Amino acid sequence: MTVRTRFAPSPTGYLHIGGVRTALFNWLLARRHGGQFILRIDDTDTERNVAAALQPILDGFRWLGIHWDEGPEVEGPYGPYFQSQKLERYRQAARQLVAAGHAYPDLSTKEQLDTARKAAEAAKKPYIHRGPERDLAPAEAERLLAERPLPVRLKVPLGRKLVLQDRIRGAVEWQTDLISDPVILRADGRALYNFATVVDDVDLQITHVVRAEEHLTNTSVQLLVYEGLGLPPPEFAHVPVVCEPQSRKKLSKRDMKKFVTAEVRAKLRAVGFSDAEIDAQDNLNPATVAYYQELGYLPTALVNYLGRLGWSLDDKTEVIPLDQMIANFGLDRVKDSPASFDPDKLYWLAGEYMRVLPPAEKAAGCVPYLVRAGRVAEPLSGETQALVGRVIAACGDRLKLFSDILTYGGFFFTPEVRYDEAAFTKRVRKEGIPALLRDVAGVLGATNPFDAPAVEQALQQYCTAKGVKAADLNHALRVSVSGVPIGPGLYDILAILGRAETLRRLELALAR
RNA sequence: GGCCCCAUCGUCUAGCGGUUAGGACACAGGCCUUUCAAGCCUGCAGCCGGGGUUCGAAUCCCCGUGGGGUCACCA
């Protein structure tokens, strides 16, 4: 039997980190066993524009390289893949349950239900609804349903114990007497999640339902739907939820704005977002995939991080490239306790992946940030292309995210130097430094060739000869030509700028 | 509150009856060094508590405690 897994997002307008982790596990399981991964859209209850709200989700998965074998835009033999297109199918399945005596129309009014619920609450008892029509003969129930629109409820069998053999949690049990008869079809004919999801999983021939633990309780009802339909349930695996950083609380889809801290805002502004944009877009925060995409994280790093959150290969491996993850993934090594999301570790992994990325790919990833910041214009000239390559090489391991090109190498691409005042005061506005720089400008004017080794040699010779501390000179030079106290090696900086530009910037600094 | 799930360094995890409880991120210190990174070395830090079972428990059982999830004509 081929393994078929699925991920079923609601079109919310963003791809949530927690959701991706769940989707990734499904995808890995399918790939590991040569099966299929299906994307299905749970849009039964959405009023909003589904297409627009779905696009960011599809984009996110594509960016991550998590490709679906069936679903939106690729279709497949078991569609439709949108719940909104399966209304008639759900009605038909509900009728089947009614005819088999496993479901019934409920005449109770909302008021009656509310009253009963409140009474139960006041008595501190759980409210278990059993509609009076549940004992109607199937034919009678069908007649009632044909007469007028009524909600349909599942007839939960009495006095039974339900046992789920969860692939991650082991045996989980429920007493059916504690399960209220759930509505499976509204009076207007729309299906409810617990029912639609089962019908869909049946239609899509899903073999393994891997989903977040928050669905564990739902599984009892779903088990009963399978039973009523006369079908064997698939394998279930409930993975623990992903929690907020430094917390045990679920990384919630609600209230994601709270993750937009001052630090996060600064990072987004650094790549060109305005405060207005940050506030307006609900997908620009660290709980969504888009955030990492915008900051220039390598998608491979994010996938590695997420795959490693709640699953491990062994007792030591942290960097697990995708092919290795596919080859080794299994539900048996998925943890059964929640894990909190750790931005620091993700950042570290991003650096690990960036380090081994081929130069051409680094350049391709960095250029868009330079373009967006107005530092280079497209199409890039051959000269600019070469400059980008040299700057990236000089940045070396400092580059962890593509957007880091702005922090470490931005000054190469603009004639005006923006000075960090604190650094300028500390390194340049000092007794004797301006005179030193003027002197050194002469040395640099005579250095040939003007490449890193020659510049280094010339400056060191100068320092030795004049008894100048190399550090004092280098710091002053760095801040003078780049404006900032951090960045690539000084000799690389000077060589890349070239003699003329170096001397021009030196004059610029001395004129301040 | 009912039901269900969970519990090893701050965080991610290894461990599946006998280990000096291992690794990673973060943090601290050191080396290197023109800055910042990187790299290398060192350090800090953990089995929620209590009972059992056993020669022996982080590991098995029970009870607490704590955390989480879920209780809709949402998904």
Side-chain angles (χ1 to χ4, degrees), chain A residues 8-12 42-46 83 106 108 110 113 117 120-121 124-128 150-153 164 166 168-170 172-175 178-180 182-188 190-194 196-197 212-220 238 240-241 243 245-250 253 305 308-319 333 335-349 351 355 395-400 404 407-408 423 427 456 459-460 463 469-479 482 484-491 493:
Chain A
S10 291
T12 50
D42 282 11
D43 59 348
T44 51
D45 197 53
T46 32
Q83 289 193 327
D106 191 358
S108 312
K110 253 207 160 78
L113 288 172
R117 205 187 317 274
E121 223 164 89
K124 298 203 163 164
K125 292 248 196 148
Y127 176 62
I128 317 274
L150 288 170
V152 177
R153 282 184 190 269
L164 164 70
D166 191 90
I168 292 171
R169 261 144 241 291
V172 182
E173 303 182 350
W174 295 273
Q175 296 299 328
L178 266 18
I179 303 171
S180 198
V183 171
I184 57 174
L185 210 64
R186 297 175 175 96
D188 65 10
R190 285 147 71 216
L192 270 93
Y193 170 75
N194 269 331
T197 199
E213 190 195 338
E214 61 203 75
H215 288 288
L216 187 57
T217 315
N218 286 330
T219 312
S220 57
H238 287 90
V241 295
C243 299
Q246 304 290 315
S247 158
R248 295 266 70 124
K249 283 235 184 322
K250 189 177 88 164
K253 288 179 206 159
Y305 176 75
R308 189 58 191 66
L309 193 64
W311 173 82
S312 61
L313 176 59
D314 53 30
D315 60 340
K316 53 175 83 68
T317 316
E318 298 290 345
V319 180
R333 286 192 71 88
K335 275 274 276 194
D336 50 9
S337 56
S340 41
F341 182 75
D342 183 359
D344 287 335
K345 191 152 185 176
L346 168 56
Y347 182 66
W348 168 75
L349 261 177
R355 195 218 305 263
C395 285
D397 290 345
R398 293 170 188 82
L399 205 70
K400 292 184 171 189
D404 285 339
T407 351
Y408 294 114
R427 301 299 189 186
E456 176 172 8
L459 291 179
Q460 276 174 355
C463 286
K469 267 174 74 182
D472 288 340
L473 172 61
N474 289 341
H475 288 143
L477 272 174
R478 168 186 296 282
V479 175
S482 77
V484 290
I486 59 159
L490 176 66
Y491 311 121
I493 291 178

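First the proteins, then the strands, lettered A, B, ... as listed; each starts at 1. All figures in this text were calculated on a predicted structure; none of them were measured in a lab.
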**Message:** In whole Å, measure the gap between the C1' atoms of B:A14 and B:A72 for me.
**Reply:** 42 Å
**Request:** Take the protein atom NZ of A:K249 and the nucleotide atom P of B:G66, then report the distance between them rounded to whole Å.
**Result:** 14 Å
**Request:** Could you tell me whether A:R169 and A:D336 make a salt bridge, using a distance below 4.0 angstrom between a side-chain N and a carboxylate O?
**Result:** no
**Message:** In whole Å, I'd like the distance from the CD1 atom of A:I168 to the P atom of B:G68.
**Reply:** 21 Å
**Asked** So, is A:K250 near the phosphate of B:G67, with a side-chain N or O under 4.0 Å from OP1 or OP2?
**Response** no
**Fill in**
A:Y193 OH to B:U70 C1', in whole Å, measures 13 Å
**Request:** Can you tell me, in whole Å, how much space there is between the C1' of B:U70 and that of B:A38?
**Result:** 47 Å
**Asked** B:C25 and B:C41: how far apart are their P atoms, nearest whole angstrom?
**Response** 12 Å
**Prompt:** For B:A75, does OP1 or OP2 lie under 4.0 Å from any side-chain N or O of A:T197?
**Reply:** no
**Asked** Looking for any heavy atom pair under 4.0 Å, which part of the strands does A:L309 touch: base, sugar-phosphate only, or nothing?
**Response** sugar-phosphate
**Item:** Span that lies between the C1' atom of B:U19 and that of B:A26, in whole angstrom
**Value:** 26 Å
**Item:** Side chain A:K316 and base B:A24 donor-acceptor under 3.5 Å
**Value:** no
**Prompt:** Does B:U35 have a Watson-Crick or wobble partner in any strand here, with both distances under 3.5 angstrom, and which is it?
**Reply:** none
**Request:** Determine: side-chain N/O of A:K335 to OP1/OP2 of B:C6, distance under 4.0 Å, yes or no.
**Result:** no
**Asked** Whole Å only: how far is the CG atom of A:N218 from the C1' atom of B:U70?
**Response** 8 Å
**Request:** Using the P atoms only, state how far B:C36 lies from B:G30, rounded to an integer number of Å.
**Result:** 13 Å
**Prompt:** So, the side chain of A:Y305 versus the backbone of A:D342: is there a donor-acceptor pair under 3.5 Å, distance only?
**Reply:** yes
**Message:** Taking A:H238's backbone N and O only, do any of them form a donor-acceptor pair with A:D166's side chain (distance below 3.5 Å, no angle check)?
**Reply:** yes
**Asked** Nearest-Å distance, CG (A:L349) to P (B:C12)?
**Response** 15 Å
**Request:** Mind checking A:D472 for me? I need base, sugar-phosphate or nothing, with any heavy atom below 4.0 Å counting as a touch.
**Result:** nothing
**Asked** Rounded to the nearest Å, what distance is computed from the CG atom of residue A:D314 to the P atom of nucleotide B:U13?
**Response** 14 Å
**Message:** Check the phosphate of B:G15 against A:R333, side-chain N and O only, distance under 4.0 Å to OP1 or OP2. Yes or no?
**Reply:** yes
**Prompt:** For B:C55, which nucleotide in any strand shown is its Watson-Crick or wobble partner with both distances under 3.5 Å?
**Reply:** B:G18
**Asked** When all nucleic acid strands are considered with a 4.0 Å heavy-atom cut-off, which category describes A:E214: base, sugar-phosphate, or nothing?
**Response** sugar-phosphate
**Message:** Any base atoms under 4.0 Å from A:H238, or only sugar-phosphate, or nothing? Heavy atoms, all strands.
**Reply:** nothing
**Prompt:** When you compare B:G18 with B:G56, how far apart are their C1' atoms, in angstrom units rounded to a whole number?
**Reply:** 7 Å
**Request:** Scan A:P338 against the nucleic acid and name what it touches under 4.0 Å (heavy atoms): base, sugar-phosphate only, or nothing.
**Result:** sugar-phosphate
**Message:** Tell me if a side-chain donor or acceptor on A:R248 pairs with a main-chain N or O of A:C243 at a distance below 3.5 Å.
**Reply:** no
Restricting to nitrogen or oxygen on both sides, can you table the protein-nucleotides 36-39 of chain B pairs closer than 3.5 Å?
{"residue": "B:C36", "atom": "O2", "partner": "A:R398", "partner atom": "NE", "Å": "2.4"}
{"residue": "B:C36", "atom": "N3", "partner": "A:R398", "partner atom": "NE", "Å": "2.9"}
{"residue": "B:C36", "atom": "N3", "partner": "A:R398", "partner atom": "NH2", "Å": "2.6"}
{"residue": "B:C36", "atom": "N4", "partner": "A:R398", "partner atom": "NH2", "Å": "3.2"}
{"residue": "B:A38", "atom": "O2'", "partner": "A:R355", "partner atom": "NH1", "Å": "3.4"}
{"residue": "B:A38", "atom": "O2'", "partner": "A:D397", "partner atom": "OD2", "Å": "2.6"}
{"residue": "B:G39", "atom": "OP1", "partner": "A:R355", "partner atom": "NH2", "Å": "3.2"}

**Item:** B:G23 base / A:E318 side chain donor-acceptor hit below 3.5 Å
**Value:** yes
**Prompt:** Within the structure shown, what part of the strands sits under 4.0 Å from A:Y127 by heavy-atom distance: base, sugar-phosphate, or nothing?
**Reply:** nothing
**Prompt:** Partners of A:R153 by salt bridge (Lys or Arg N to Asp or Glu O under 4.0 Å), sequence neighbours excluded?
**Reply:** A:D106
**Request:** Take atom P in B:A58 and the same atom in B:U53, then report the distance between them in whole Å.
**Result:** 16 Å
**Interatomic distance at C1', B:A57 relative to B:C47, whole Å** = 11 Å
**Request:** Would you classify A:A339 as touching base, sugar-phosphate or nothing, given that sugar-phosphate means primed atoms plus P, OP1 and OP2, and contacts are heavy atoms under 4.0 Å?
**Result:** sugar-phosphate
When you compare the protein's N or O atoms with those of nucleotides 3-5 of chain B, which come within less than 3.5 Å of each other, and at what distance?
{"residue": "B:C5", "atom": "O2'", "partner": "A:R169", "partner atom": "NH1", "Å": "2.5"}
{"residue": "B:C5", "atom": "O2'", "partner": "A:E213", "partner atom": "OE2", "Å": "3.0"}

